[in-house]
Enquirer: 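Before I ask anything, let me first share the structure, which is written out below as structure tokens.
Every value quoted in this text rests on a predicted model; they were computed, and no experiment measured them.
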Amino acid sequence: MLLLFDIDGTLLDTKGAGRRAMEFVANDLFGNGFSFDTVNFGGNLDPLIFREAAEANGLDDIDAAHERFAAAYPAALKREMAEATGPHEVEPCVAVHAALAECRDWVDVGRATLGCLTGNYTAAGPAKLRRVGIDVEQFTITAWGDEAADRPGLVEVAMHKHGQARGAAVTGDEVVVIGDTVRDVACAKAHGCVSYAVCTGSGTRDELEAAGADVVADSLEDLELLRLLVFGGPMGVRAARNQSSNA
């Protein structure tokens, strides 16, 4: 089973560091007053976040502007995270380190492959993970926000990379997308993958259930349903869905 973990709201909480860094860079490059207020960040891709904001702010030659923005943003993000203190300090979501440790045990017995699927730039996502002590190298399959045009496209990227690594194609029912937003749910459903939604980010339980998530869990603290997906065989998904809906 290929487990694809989202970053923001699923593995960690940057307390807005990403947005603050984006605002700093955009105002520095394109003038004070550049605003991201019209953009929905939840489950969005970094390049699309900038493009949507650039269009709303009436920026010319968005492609060229994006190159400058994308080049400057990672350093600003690292600085913002390093300087954040108190309520703004970046933190892992509840029980994430313990959850990943158990998932690595599943990898060791050949039942799972760990992956990361996120809207973060290739140069930004690893910095967030390292900030909270999460080893990037444990994710042998990665799909970063600048590797596809939209979030469903990232699922294609991850499945393709997994197929290349294993020498055989992976089917949707062998992939679990673990995230906290309705966009995470939607990208899983677009490819027939299992959607495992957690309520540690921007999506509420009601929103995630309404979006059609196969499983909705309060957090990664209780891995019972994810364990069922990995070890339950063909009936595991159905059993996990039933238990989730009855919770």
Side-chain angles (χ1 to χ4, degrees), residues 5-54 56-57 65-66 68-101 116-139 142 144-146 151 178-184 197-205 207-208 217-221:
F5 287 89
D6 170 53
I7 292 181
D8 296 282
T10 302
L11 294 179
L12 55 83
D13 183 356
T14 66
K15 309 292 182 64
R19 178 168 183 151
R20 292 193 300 272
M22 285 187 173
E23 290 173 340
F24 172 84
V25 172
N27 279 269
D28 183 56
L29 292 177
F30 312 118
N32 291 334
F34 190 104
S35 172
F36 289 83
D37 288 347
T38 61
V39 182
N40 179 0
F41 278 62
N44 211 341
L45 276 58
D46 282 354
L48 293 183
I49 289 172
F50 176 77
R51 178 167 292 276
E52 291 173 24
N57 284 272
H66 179 247
R68 297 171 63 199
F69 175 84
Y73 169 66
L77 173 66
K78 292 175 184 177
R79 182 172 62 252
E80 182 66 38
M81 291 191 296
E83 294 176 354
T85 58
H88 297 297
E89 190 168 356
V90 183
E91 293 180 340
C93 290
V94 61
V96 158
H97 287 292
L100 289 175
C116 184
L117 187 151
T118 174
N120 283 277
Y121 288 116
T122 302
K128 291 183 178 181
L129 294 171
R130 294 187 181 104
R131 184 65 190 174
V132 296
I134 295 176
D135 180 12
V136 182
E137 300 303 320
Q138 67 188 300
F139 301 110
T142 56
W144 305 107
D146 44 16
R151 202 168 190 97
I178 303 163
D180 67 291
T181 73
V182 295
R183 284 182 169 130
D184 295 301
V198 291
C199 303
T200 49
S202 61
T204 66
R205 176 175 286 275
E207 290 170 341
L208 298 170
D218 289 335
S219 71
L220 289 174
E221 185 171 17

Enquirer: Can you confirm if the NZ or CZ of Arg79 lies within 45° of the ring axis of Phe24 and under 6.0 Å from the centre of its six-membered ring?
Expert: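 Arg79 over Phe24 ring: yes.
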Enquirer: So, taking the atom named OG in Ser35 and the one named CG in Asn27, what distance separates them when rounded to the nearest 0.5 Å?
Expert: 8.5 Å
Enquirer: For a quick test of reading the model, state the closest non-hydrogen atom pair linking Arg20 to Ala84 and the distance between them.
Expert: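 Smallest interatomic distance, heavy atoms only, reads NH2-CB, 4.3 Å.
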Enquirer: Could you give me the CA-CA distance, side-chain angles and deciding distance for Leu117 and Arg151, then say whether side-chain contact (heavy atoms from CB on, under 4.5 Å) is met?
Expert: CA-CA 9 Å; Leu117 187 151; Arg151 202 168 190 97; 4.0 Å; yes
Enquirer: Would you call Leu129 and Leu12 a side-chain contact if the rule is heavy atoms closer than 4.5 Å?
Expert: yes
Enquirer: Taking side chain as C-beta onward, heavy atoms only, is Asn44 less than 4.5 Å from Val39?
Expert: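 Counting from C-beta outward, Asn44 and Val39 do come under 4.5 Å.
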Enquirer: Answer yes when Arg68 and Asp28 have at least one side-chain N-carboxylate O distance shorter than 4.0 Å, and no when they do not.
Expert: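 Salt bridge flag = no for Asp28 with Arg68.
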Enquirer: Working to the nearest 0.5 angstrom, can you tell me the gap between Thr200 OG1 and Glu221 CD?
Expert: 11.5 Å
Enquirer: Going by side chain to side chain donor-acceptor pair (under 3.5 Å), name the residues that satisfy it together with Thr10, two or more places apart in sequence or in a different chain.
Expert: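 Result, side chain to side chain donor-acceptor pair (under 3.5 Å) vs Thr10: Asp6, Asp180.
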Enquirer: For the residue pair His66 and Phe50, categorise the inter-ring angle as parallel (less than 30°), tilted (30 to 60°) or perpendicular (more than 60°).
Expert: tilted
Enquirer: With heavy-atom distances below 4.5 Å as the criterion, would you say the side chains of Ser202 and Phe41 are in contact?
Expert: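 Contact flag for Ser202/Phe41 side chains = no.
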Enquirer: Please examine the side chains of Val94 and Leu220, heavy atoms only from C-beta on, and report whether any two atoms are closer than 4.5 Å.
Expert: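 No - every pair of side-chain heavy atoms lies 4.5 Å or more apart.
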Enquirer: Within the 4.5 Å heavy-atom criterion, are Leu208 and Cys199 side-chain neighbours or not?
Expert: yes
Enquirer: State the CD1-CZ distance between Ile178 and Phe5, to the nearest 0.5 angstrom.
Expert: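 Atom-to-atom, Ile178:CD1 and Phe5:CZ are 3.5 Å apart.
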Enquirer: Tell me whether Asp184 contacts the main-chain N or O of Thr181 through its side chain, where contact means a donor paired with an acceptor under 3.5 Å.
Expert: yes
Enquirer: Considering only residues two or more places apart or on different chains, which pairs with a residue in residues 83-95 satisfy salt bridge (Lys or Arg N to Asp or Glu O under 4.0 Å)?
Expert: Lys15-Glu91
Enquirer: Given side chains that start at C-beta, do those of Pro47 and Asp146 come closer than 4.5 Å, heavy atoms only?
Expert: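 Contact flag for Pro47/Asp146 side chains = yes.
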Enquirer: Can you give me the closest heavy-atom contact between Phe36 and Ala26, atom names plus distance?
Expert: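 Looking at all heavy atoms of both residues, the closest pair is CE1-CB, 3.8 Å.
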Enquirer: Salt bridge (Lys or Arg N to Asp or Glu O under 4.0 Å): which pairs involve residues 117-135, sequence neighbours left out?
Expert: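 The answer is Asp8-Lys128.
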Enquirer: Please round to the nearest 0.5 Å and tell me the distance separating atom CD1 of Ile7 and atom OG1 of Thr14.
Expert: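 Atom-to-atom, Ile7:CD1 and Thr14:OG1 are 10.5 Å apart.
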Enquirer: Would you give the length of the straight line joining atom CG of Leu77 to atom CE of Met22, rounded to the nearest 0.5 angstrom?
Expert: 8.5 Å
Enquirer: For Phe30 and Phe34, take the angle between the two ring planes, folded into 0 to 90°, and tell me which bin it lands in: parallel under 30, tilted 30 to 60, perpendicular over 60.
Expert: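 Ring orientation, 0 to 90° scale: tilted.
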